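Everything numeric in this text was worked out from a predicted model, so none of it was measured. The figures that follow rest on heavy atoms only: side chains count, while hydrogens, waters and symmetry mates do not.
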Amino acid sequence: MKREEKNQLTRRRIMDSALAEFSKQGYGASSVNAICAAQDISKGIIYHYFAAKDDLFLACVEECFVKLTEYLKQSVSRGSRNPRNQLEEYFSARSSFFKGYGASYAGLWCF
């Protein structure tokens with residue numbers, strides 16, 4: 001396995017563990033120790049990829065936002081000119097997104 005592939009897999013493991021922890025505990029109650037313990041990841045590896053817990057959390061929020069934006073672009077039609085219909089369609093699609101991704105992003109959605 002190439003170094004870049006290994007780096008991507010390691011970063012993905014960290015992100016998956018962090019997403020689970022942030023979703024379960026929220027940002028304030030989450031800890032780097034818990035993120036490490038869940039996937040048997042060393043703190044050094046986490047800090048190699050992310051400078052601080054804040055940076056890891058922001059990476060998780062960014063990933064959620066990017067995926068939500070892509071999902072909404074595919075799911076919400078642009079043909080309706082009625083604002084009420086547009087809002088209903090948006091919130092329905094948003095709800096479907098979070099149901100589909102379950103707990104992965106549930107603790108991150110504040111928008």
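- Interatomic distance, Lys67 NZ to Leu72 CG, rounded to the nearest 0.5 Å: 14.0 Å.
- Looking at heavy atoms from C-beta onward, Glu70 lies out of side-chain contact with Phe65 at the 4.5 angstrom threshold.
- Rounded to the nearest 0.5 Å, atoms CG (Asp16) and CZ (Arg11) are 11.0 Å apart.
- Applying the under-4.5 Å side-chain rule to Ile, Leu, Val, Met, Phe, Trp and Tyr, the cluster around Met1 extends to Leu9.
- Between Cys60 and Phe50 there is no side-chain heavy-atom pair separated by less than 4.5 Å.
- Residues Leu68 and Leu58 do not share a hydrophobic cluster, defined by chaining ILVMFWY side chains whose heavy atoms lie under 4.5 Å apart.
- A donor-acceptor contact under 3.5 angstrom links the side chains of Asn33 and Lys43, judged on distance only.
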- Audit row: Phe97, Ser92, side-chain contact (heavy atoms from CB on, under 4.5 Å) steps and yes/no: CA-CA 9 Å; Phe97 171 82; Ser92 176; over 6 Å; no
- Query: When you look at Ser30 and Phe57, which way does the side-chain contact (heavy atoms from CB on, under 4.5 Å) test go after all the steps?
  - Reply: CA-CA 10 Å; Ser30 295; Phe57 181 74; over 6 Å; no
- Message: Ile41 vs Arg13, test: side-chain contact (heavy atoms from CB on, under 4.5 Å). Steps then yes/no.
- Response: CA-CA 8 Å; Ile41 302 167; Arg13 270 185 56 222; 3.3 Å; yes
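- Between Gln86 and Asn82, every side-chain heavy-atom pair lies at or beyond the 4.5 Å cut-off.
- Side-chain atoms of Val61 and Phe22, non-hydrogen and from C-beta on, never get closer than 4.5 Å to each other.
- Taking CE from Met15 and CD from Gln8, the interatomic distance works out to 13.0 Å, rounded to the nearest 0.5 Å.
- Put simply, OG on Ser17 and CZ on Arg12 are 11.0 Å apart, with the number rounded to the nearest 0.5 Å.
- In plain terms, the two heavy atoms of Ala52 and Tyr47 that are nearest each other are CA-CE2, 4.0 Å.
- Side-chain contact between Asp55 and Tyr49: absent, with no pair of heavy atoms (C-beta onward) separated by less than 4.5 Å.
- Within the 4.5 Å cutoff, the side chain of Ser42 has heavy atoms near those of the Ile45 side chain.
- To the nearest 0.5 Å, the span separating OG on Ser31 from CD on Gln25 amounts to 8.0 Å.
- For the pair Leu19 and Glu63, the minimum side-chain heavy-atom distance is below 4.5 Å.
- Summarising the geometry, atom CZ belonging to Arg94 is positioned 13.5 Å from atom OG belonging to Ser75; distances are rounded to the nearest 0.5 Å.
- When all heavy atoms of Ile46 and Leu56 are compared, the closest pair comes out as CG2-CD2, 4.4 Å.
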